[in-house]
Amino acid sequence: MDKIRANVGSGKLYENEVYKIIEEELPEFLNGNKSAGGTAKTIDDRITIYLNE
């Protein structure tokens, strides 16, 4: 996560809740518990639900 944050830049480019969702889901992929596609789908589904609320 630190490497990703370092490459994002200095401006606020994300919604805090969206970033939180990514931060919660990414470790499953990085630990080898979930595929990249599965992780992306979960993140997409959660963000879609959040944006529709």
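FYI, side chains are in, hydrogens and waters are out, and symmetry mates aren't considered; it's all heavy atoms of this structure.
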If you look only at distance, which donor and acceptor atoms sit under 3.5 Å apart when one is on a side chain in residues 46-53 and the other is two or more places apart or in another chain?
{"from": "R46", "atom 1": "NH1", "to": "E24", "atom 2": "OE1", "distance (Å)": "3.0"}
{"from": "R46", "atom 1": "NH1", "to": "E25", "atom 2": "OE2", "distance (Å)": "2.7"}
{"from": "R46", "atom 1": "NH2", "to": "E24", "atom 2": "OE1", "distance (Å)": "2.7"}
{"from": "T48", "atom 1": "OG1", "to": "D44", "atom 2": "O", "distance (Å)": "2.8"}
{"from": "Y50", "atom 1": "OH", "to": "E15", "atom 2": "OE2", "distance (Å)": "3.2"}
{"from": "N52", "atom 1": "ND2", "to": "T48", "atom 2": "O", "distance (Å)": "3.1"}

Quiz: residues 27-36 side-chain donor-acceptor pairs under 3.5 angstrom, not counting sequence neighbours:
{"from": "N31", "atom 1": "ND2", "to": "P27", "atom 2": "O", "distance (Å)": "3.1"}
{"from": "K34", "atom 1": "NZ", "to": "T42", "atom 2": "OG1", "distance (Å)": "2.8"}
{"from": "S35", "atom 1": "OG", "to": "G38", "atom 2": "N", "distance (Å)": "2.9"}

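Considering CD1 of I22 and CD of E17, their distance stands at 11.0 Å, rounded to 0.5 Å. With rounding to the nearest 0.5 angstrom, the CG atom of L26 is 7.5 Å from the OG1 atom of T39.
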